[in-house]
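The structure appears right after this line, and notes come after that.
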2 protein chains.
Amino acid sequence: MKRCKHNNLKVTPQRIAIYKKLIELKNHPSADAMFQTVRRDFPNISFDTVNRTLLTFSEIGIVDVIEGHGRQRRFDPDISCHHHFHCVKCKEIIDFYSAEYDNLEIPENIKKKFTVLSKRVVLNGICDKCTE
Amino acid sequence: MKRCKHNNLKVTPQRIAIYKKLIELKNHPSADAMFQTVRRDFPNISFDTVNRTLLTFSEIGIVDVIEGHGRQRRFDPDISCHHHFHCVKCKEIIDFYSAEYDNLEIPENIKKKFTVLSKRVVLNGICDKCTE
DNA sequence: TGACAAACAAGAGTTGCTCCTATCTAATAG
DNA sequence: CTATTAGATAGGAGCAACTCTTGTTTGTCA
C-alpha cells in the first residue's frame, strides 16, 4: 500500500480488497476470475474497476501480466523470478523454479541495445493431466 | 506442402497464398495483418479462412503461435529455435539468437512430469526506439 | 469543510476472434 | 474423363473479453 502512495494513487477499499485476494491466490487469475472472487466480499464492485486496478497494479510492479496463447489476459501475483510451463492442450500455466535459469546472462548485443527489465524461460509442451 | 498431404489436408490456392506470404515475412504477424496482406493478391478471401489456416498451420507445426501480452494472437513463421525480446511500451517482439540459451537443459523434475515440446527465453524490457 | 482531482459503477461500444450455413473444390473411385 | 464426397471456403452472425464514456462519489489538501 506504500507503493500506492509512492505512485500518487489513492488507497481505496476496492484496491485493498483486490490486493488482498491477489496475494491469497497461488494461481494465475484472469480479470474475470478476480472479479468473480472479489465480488463475493464486495457485491457491487464493477468488472471495469477490477480490470483497471489490475492493470494499474501491473504498472507499478505489484503484479505481472503474463504471456499467454489464449484469449484471456492472465495476471501473476508472484513477482519473484520464476519460469513457466505452458500446456498447449489445456492452456494451463505452471510455475517452476530453477537456479540455472535465474542466473542466465543477458547476451551482450541485447544488453547494449535494449533495457532488459525481466527474463523468463517459457517451456511449451503437454502436462501430466493431458497425457493421461 | 508435403506437410499438408501428410496430415490429410488439401492443398488449396488459399493455403498456398497464405503460406507464401508467411515465409516472406520476417516479423510476427497477427491474423488480421496476414489477412490484409494476402487480400492484396487474393481480393475475395475471407478473414476466417486466413485465421483458420494459420491455426491449422500451427497444429501441423509450420508456424508457431507465440506468447504475447496484448489482445491479438501473433504467429511466428520462424520455427527454428530462437528467443524473444518483448518491448513493454510498443509491444514489438524482436527475435534474437543465443547458443547459450539454445543449450539450456530442461530441469529433471519437469522432464519427469511433462512432455516438453519447445523452450524459449523471453526477455521483457524497453527497446531502443522507445528509449529515445 | 469546501474545492478539486482521482476513482468508481454501469452500461454502451470495440476488437478480435469463432461458429454456422450454404456453396464450392480437390482428390479418389469408377 | 466423370461422379462422388470429404474437406475447404465466403460471408455473415455471434460471442468473449476487454475498453471507453458518462455521470456520480470519494479522498486529500488547503
Side-chain angles (χ1 to χ4, degrees), chain A residues 1-21 28-60 62-63 65-76 91 93, chain B residues 1-22 28-60 62-63 65-75 91 93:
Chain A
M1 290 297 112
K2 293 170 206 164
R3 204 109 180 204
C4 278
K5 289 191 180 165
H6 286 174
N7 288 276
N8 289 318
L9 296 174
K10 290 176 183 167
V11 180
T12 63
Q14 288 90 338
R15 282 183 178 162
I16 293 170
I18 294 166
Y19 184 69
K20 275 190 180 163
K21 284 290 170 198
H28 306 97
S30 63
D32 190 61
M34 279 300 297
F35 173 54
Q36 299 303 336
T37 310
V38 175
R39 173 191 239 180
R40 286 206 285 271
D41 297 353
F42 220 110
N44 69 333
I45 199 167
S46 72
F47 170 79
D48 192 53
T49 299
V50 175
N51 190 49
R52 211 168 359 77
T53 302
L54 289 168
L55 292 174
T56 307
F57 282 178
S58 77
E59 276 167 25
I60 62 171
I62 63 180
V63 253
V65 177
I66 58 180
E67 67 287 344
H69 297 173
R71 278 172 63 189
Q72 276 186 120
R73 179 150 37 211
R74 301 299 199 96
F75 296 90
D76 192 343
K91 311 287 178 197
I93 298 162
Chain B
M1 291 298 110
K2 291 170 207 162
R3 203 108 181 203
C4 278
K5 288 191 181 163
H6 286 173
N7 287 276
N8 290 318
L9 296 173
K10 289 178 182 166
V11 180
T12 62
Q14 289 90 337
R15 283 183 176 162
I16 294 170
I18 294 167
Y19 184 71
K20 275 190 182 165
K21 284 291 168 194
L22 207 49
H28 306 95
S30 62
D32 190 60
M34 278 301 297
F35 173 53
Q36 299 305 335
T37 309
V38 175
R39 174 191 239 180
R40 287 206 285 271
D41 297 353
F42 218 111
N44 69 334
I45 199 167
S46 72
F47 170 79
D48 193 52
T49 298
V50 175
N51 191 49
R52 209 168 2 77
T53 302
L54 289 168
L55 292 173
T56 307
F57 281 178
S58 77
E59 276 167 26
I60 61 171
I62 63 179
V63 252
V65 177
I66 57 178
E67 66 286 341
H69 298 172
R71 276 174 62 193
Q72 278 187 118
R73 185 179 294 156
R74 300 297 200 96
F75 296 90
K91 311 286 179 197
I93 298 163

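In the text below, chain A, chain B and the rest are named by the order of the sequence lines, each starting its count at 1.
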Query raised in the report: B/Arg71 has a side chain; which of C/dC17, C/dG16, D/dG7 sits nearest to it?
Result: C/dG16
Query raised in the report: Between atom CZ in A/Phe47 and atom C1' in C/dT14, what is the gap in whole Å?
Result: 14 Å
**Report entry** Minimum-distance nucleotide to B/Gln14 side chain [options: C/dA26, C/dT18, D/dA10]
**Finding:** D/dA10
**Report entry** A/Arg74 (side chain) donor-acceptor with A/Ile66 (main chain) under 3.5 angstrom
**Finding:** no
Query raised in the report: What nucleotide among D/dT19, C/dA26, C/dA9 has an atom nearest to a side-chain atom of B/Pro13?
Result: C/dA26
Query raised in the report: Counting side-chain heavy atoms from C-beta on, which of D/dC18, D/dG12, C/dA27 comes nearest to B/Asp48?
Result: D/dG12
**Report entry** Protein-nucleotide distance (A/Asn44, atom CG; C/dA7, atom C1'), rounded to Å
**Finding:** 14 Å
Query raised in the report: What's the CZ-P distance between B/Arg39 and D/dT9, to the nearest Å?
Result: 17 Å
Query raised in the report: Rounded to the nearest Å, what distance is computed from the CG atom of residue B/Asp32 to the C1' atom of nucleotide C/dT18?
Result: 15 Å
Query raised in the report: Are the charged groups of B/Lys20 and B/Asp41 less than 4.0 angstrom apart, N to O?
Result: no
Query raised in the report: The side chain of A/Ala31 lies closest to which of these nucleotides: D/dC18, D/dT28, D/dA10?
Result: D/dC18
Requested in this report: Report the nucleotide, chosen from C/dC8, D/dA8, C/dC17, that has the shortest atom-to-atom distance to any side-chain atom of A/Thr53.
Outcome: C/dC8
**Report entry** Side chain proximity check, B/Gln72 to B/Asp32, heavy atoms < 4.5 angstrom
**Finding:** yes
Query raised in the report: What's the CD1-C1' distance between B/Ile18 and D/dA8, to the nearest Å?
Result: 11 Å
Query raised in the report: Touch check for A/Pro43, heavy atoms < 4.0 angstrom, all strands: base, sugar-phosphate only, or nothing?
Result: nothing
Query raised in the report: Picking from D/dG7, C/dC8, D/dT9, which would you name as closest to the side chain of B/Arg52?
Result: D/dT9
Query raised in the report: For B/Ile45 and C/dT23, what is the distance between atoms CD1 and C1' respectively, to the nearest whole Å?
Result: 16 Å
Query raised in the report: Taking C-beta and beyond as the side chain, do B/Thr53 and B/Tyr19 meet within less than 4.5 Å on heavy atoms?
Result: no
Query - Candidates D/dC18, C/dC8, C/dA5 - which lies nearest the side chain of A/Gln72 - result: D/dC18
**Report entry** Selection from D/dG11, C/dA7, D/dC18 that lies nearest to any side-chain heavy atom of A/Arg73
**Finding:** D/dC18
Query raised in the report: Looking at A/Thr12, does any N or O in its side chain come under 4.0 Å of the phosphate oxygens OP1/OP2 on C/dA7?
Result: no
Report summary line: Testing C/dA27, C/dT14, C/dA9 for proximity to the side chain of A/Ser46, the answer is C/dA9
Query raised in the report: Between A/Ile60 (CD1) and C/dA6 (C1'), how many Å, whole number?
Result: 15 Å
Report summary line: A/Lys10 atom NZ is separated from D/dC29 atom P, nearest whole Å, by 9 Å
Query raised in the report: Rounded to the nearest 0.5 Å, how far does OG of B/Ser46 lie from CZ of B/Arg52?
Result: 6.5 Å
